[in-house]
Amino acid sequence: MKQSVAILGATGSIGQSTLKILTEHADDYQVYALTGQHRMAELVDLCVQFQPKVVGIPTGQFNQFKTIASEKKLSPLPEIVFDESGLVAIASHPDVDIVMAAIVGAAGLLPTLSAVKSGKRVLLANKEALVMSGDLMLSEAKKTGALLLPVDSEHNAIFQCLPESYFSHRHENKQPQLGVSQILLTASGGPFLNLDQTQLEHVTPAQACKHPNWSMGQKISVDSATLMNKGLELIEACHLFSISEHFVTVVIHPQSIIHSMVQYIDGSTLAQMGNPDMCTPIAHALAWPERISTSVQALNLFDVQKLDFYPPDHEKFPALNLAREAMRVGGTAPTILNASNEIAVQAFLDGRIKFTQITDLVEQMLLQVASHIADSIETVLQVDRQVRECAMQWVEKHGVAV
Ligand code: NDP
Ligand code: MG
């Protein structure tokens, strides 16, 4: 029988790659629901092509969706659900087997958690949701048996390099080392790897969004440029693989061919390699423990020839150490990091602050806002709101007026 898939964030980069794979495996998967936020024309096109039963949009986009749907002769019209509660309902619907969590940022937290609480197979792209909720999300997965599978290419690589028995221990709240000595989390270094501090002051949003190896949404592209993406991924890895931050070493690897590595106590280092295309980790998470084909070209090592590795420059890119510190502090500190970063990235994209001010703002919020125990999702959401307010005030004070 076909597996039924809901794609939260279907209009985005990960959403599109997921739909490409589903098209190639239409005998095994069917689209149950698609969601979008701003790009209604694209969403209607996807509805015409994939005929989902349900669509999730913001209430404010209803008229636009209806008009475009009628222009493009979308028939039959899918059921339309609205706002966060609609996304939460899609993620927990009994007819859904697999949820692709590909909304960007904190907006994805409740829908992703809803999928976890309903015991779904959850393909996790939305790293911010796990950074914010950490143990709260993992303990829900433990209760319901939800399968939380990493789509982020590095975490998917680590998942592939770890022994399978690692995952049967994952929920035991201990560090099941099973001979693992270290995780090597690779980072491309982003588009500004070779710029100096003064040049970094003047980079534009367009330059920041032009990633050398990957084609991605704006927010993660800016995160890759500041290395905050690697900081969020460090936290994501600690949660997904039940390890402390000191087990994770970040390695700059500009070619993005090795997607991450696992080292063992016997001297072995296992690496997962491939051309940089998100279809590979998405297909892996979709079919695991089986393998399915993708149109990604097999790696040709004679073309690659050379792989480089460097330690990160923490002076130029302070984001990594900010994230490491937030993980060390624990509790709501990762939520403070994430919320302030989301506001900072948007302010940078809007031309209100300089690139280098993104991490200034995050650092200030980590200093100003007290972190406490993340005892419930309500606490996490409340801290998220509080930090956003403080961060916006910071932008008002230190940024350019628009
Ligand atoms: P995009 O910006 O391309 O897509 C984001 C999706 O989320 C879009 O469908 C967008 O809708 C939707 N969305 C945006 N804001 C909201 C909101 N407030 N409520 C509901 N939906 C919303 O991002 P990516 O696909 O690049 O990234 C998605 C997630 O996956 C991120 O967390 C990112 O870190 C992670 N990821 C991405 C990778 C990549 O290669 N792209 C790699 C690894 C992880 P609309 O477009 O209609 O506005
Ligand atoms: Mg990644």
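Both ligands and their constituent atoms are indexed starting at 1 by order of listing. Just so you know, these numbers use all the heavy atoms, side chains as well, and skip hydrogens, waters and symmetry mates.
- Under the 3.5 Å distance criterion, with hydrogens and angles disregarded, no donor-acceptor pair is assigned to the side chains of Gln364 and Asp360.
- Looking at ligand 1, you'll find an N or O of Gly9 within less than 3.5 Å of one of its N or O atoms.
- Residues Ser4 and Asp95 bring no donor and acceptor atom of their side chains to less than 3.5 Å of each other.
- Looking at ligand 1, you won't find any N or O of Met40 less than 3.5 Å from one of its N or O atoms.
- Residue Arg39 places at least one N or O, backbone or side chain, under 3.5 Å from an N or O of ligand 1.
- If you check which protein heavy atom lies closest to atom 14 (C) of ligand 1, you get Val104 CG1, 3.8 Å.
- Judged by distance alone, the side chains of Gln255 and Asp308 do bring a donor and an acceptor atom under 3.5 Å apart.
- Close approach to Asn126 involves these atoms of ligand 1, each under 4.0 Å from a residue heavy atom: 32 (O).
- No salt bridge links Asp97 with Arg121; every basic N to acidic carboxylate O contact stays at or beyond 4.0 Å.
- Looking only at atom types and distance, the side chain of Glu342 has a donor-acceptor partner in the side chain of Asn338 under 3.5 Å away.
- Between the side chains of Gln207 and Thr204, at least one donor N or O lies within less than 3.5 Å of an accepting N or O.
- Here the N, O or S atom of Glu233 that is nearest to the Mg ion (ligand 2) is OE2.
- Polar contact check, Ser215 against ligand 1: no nitrogen or oxygen pair lies under 3.5 Å apart.
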Residue pair Lys72, Asp45: steps toward the salt bridge (charged side-chain N to carboxylate O under 4.0 Å, His left out) verdict = CA-CA 8 Å; Lys72 299 204 172 186; Asp45 285 339; 2.8 Å; yes

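- The shortest contact between atom 4 (O) of ligand 1 and any protein heavy atom is with Gly12 CA, 3.2 Å.
- In this structure, a donor-acceptor pair under 3.5 Å is present between the side chains of Asn126 and Glu128.
- Looking from atom 15 (N) of ligand 1 to the surrounding protein, the closest heavy atom is Gln37 CG, 3.9 Å.
- For Glu154, the N/O/S atom at the shortest distance from the Mg ion (ligand 2) is named OE1.
- The atoms of ligand 1 that sit less than 4.0 Å from any heavy atom of Ala10 are 9 (O).
- Annotation: atom 36 (N) of ligand 1 to nearest protein heavy atom, Ile220 CD1, 3.6 Å.
- Residue-to-ligand polar distances place Thr11 within reach of ligand 1: an N/O pair is separated by less than 3.5 Å.
- Minimum heavy-atom separation, Arg39 to Gly12: NH2-CA, 3.7 Å.
- Taking atom 29 (C) of ligand 1 as the reference point, the nearest protein heavy-atom neighbour is Ile103 O, 3.8 Å.
- Asp152 contributes OD1 as its N, O or S atom closest to the Mg ion (ligand 2).
- Across the listed options Ala102, Ser153, Ala106, Ala102 owns the non-hydrogen atom lying nearest to atom 28 (C) of ligand 1.
- Pro191 approaches Lys210 most closely through the heavy-atom pair CB-O, 3.5 Å.
- Checking Ser92 against Lys120 by side-chain atom types alone, no donor-acceptor pair falls below 3.5 Å.
- Among protein heavy atoms, the minimum distance from atom 2 (O) of ligand 1 is reached at Gly217 CA, 3.8 Å.
- A donor-acceptor pair shorter than 3.5 Å cannot be found between the side chains of Ser181 and Gln263.
- The distance criterion of under 3.5 Å between nitrogen or oxygen atoms is met by His38 with respect to ligand 1.
- Atom 32 (O) of ligand 1 has as its closest protein heavy atom Glu128 OE1, 2.7 Å.
- Distances from ligand 1 to the non-hydrogen atoms of Gly15 include no value under 4.0 Å.
- Within the 4.0 Å heavy-atom cutoff, Lys219 does not count among the residues contacting ligand 1.
- For the residues Gly86, Ala107, Gly56, the heavy atom positioned nearest atom 18 (N) of ligand 1 is part of Ala107.
- For atom 34 (O) of ligand 1, the closest non-hydrogen atom of the protein is Lys127 CE, 3.2 Å.
- Between Ser13 and ligand 1, at least one pair of N/O atoms sits closer than 3.5 Å.
- Using modelled atom types, one finds no donor on one side chain facing an acceptor on the other under 3.5 Å when comparing His155 with Glu233.
- Each of Val99, Val151, Leu130 was evaluated against Leu124; a single residue qualifies, Leu130, per the side chain to side chain contact (heavy atoms under 4.5 Å, CB included) test.
- Close approach of ligand 1 to Ala125 is summarised as follows: ligand atoms under 4.0 Å from at least one heavy atom of the residue are 30 (O), 32 (O), 35 (C), 36 (N), 44 (C).
- Note: no N/O pair closer than 3.5 Å links Asp152 and ligand 1 by distance alone.
- Between Arg328 and Glu245, at least one side-chain N (NZ, or NE/NH1/NH2) sits under 4.0 Å from a carboxylate O, which counts as a salt bridge.
- For a threshold of 3.5 Å applied to N or O pairs, the pair formed by Ile14 and ligand 1 contains at least one separation below that value.
- For the residue pair Asp375 / Thr379, a side-chain donor-acceptor distance below 3.5 Å is found, with atom types taken as modelled.
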